[in-house]
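Notes follow once the structure below has been shown.
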Amino acid sequence: MSLSASPPMPAEVFYVVQSTGMLGRREHRLASVLYETRPQAYNELVRLTALRPAAYSIWSGATYIEPPRWAHPVIRADGTVVPPDAGRRVPAPD
């Protein structure tokens, strides 16, 4: 797939984080993939809480890299998945 055919990566994403540390410690882990919208992340937060009650929260991140790139897959609002390498320029073969 060519770069021009790749769906654009969003510059801002939302994701669910689980607190794993003890009281007074700041230890968190990513508990979901990245989402294009906050409502998507909220639905995942509800699903995870029902499966495994824990201390979850929604965080957001933004990038100013052009084109935007993320180290994890991003689920767009329409349900399509943008892989982590989308938007990365790949050198042309010799």
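Computed from a predicted model, the values in this text were never measured in an experiment.
- Using modelled atom types, one side-chain atom of Ser32 and one backbone atom of Val16 make a donor-acceptor pair closer than 3.5 Å.
- Listed by chain and number, the residues in a side chain to side chain donor-acceptor pair (under 3.5 Å) with Glu12 amount to none (sequence neighbours excluded).
- Residues forming a side chain to side chain donor-acceptor pair (under 3.5 Å) with Ser19 (at least two apart in sequence, or on another chain): His28.
- Heavy atoms only, all atoms of each residue included: Val33 and Pro73 are closest at CB-O, 3.9 Å.
- When side chains are defined from C-beta on, Leu30 counts as touching Tyr15, because their heavy atoms get closer than 4.5 Å.
- Scored by the side-chain contact (heavy atoms from CB on, under 4.5 Å) test, Pro39 finds Thr37 as partners (sequence neighbours excluded).
- Using a 4.5 Å heavy-atom threshold, the side chains of His72 and Pro84 count as separate.
- No side-chain heavy atom of Arg76 sits under 4.5 Å from any side-chain heavy atom of Val81.
- Closest approach of Pro68 to Pro10, counting heavy atoms only: CB-O, 3.6 Å.
- Listed for the Trp70 side chain is no donor-acceptor partner under 3.5 Å among the backbone atoms of Pro83.
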Which pairs would a plain distance check flag for residues 47-58, meaning a side-chain donor or acceptor within less than 3.5 Å of a matching protein atom at least two apart in sequence or in another chain?
from	atom 1	to	atom 2	distance (Å)
Arg47	NE	Glu44	OE1	3.0
Arg47	NH2	Glu44	OE2	2.8
Thr49	OG1	Leu45	O	2.8
Tyr56	OH	Arg52	O	3.3
Ser57	OG	Trp59	NE1	3.2

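- Under the 4.5 Å side-chain criterion, counting only non-hydrogen atoms from C-beta, Glu36 is not in contact with Ile75.
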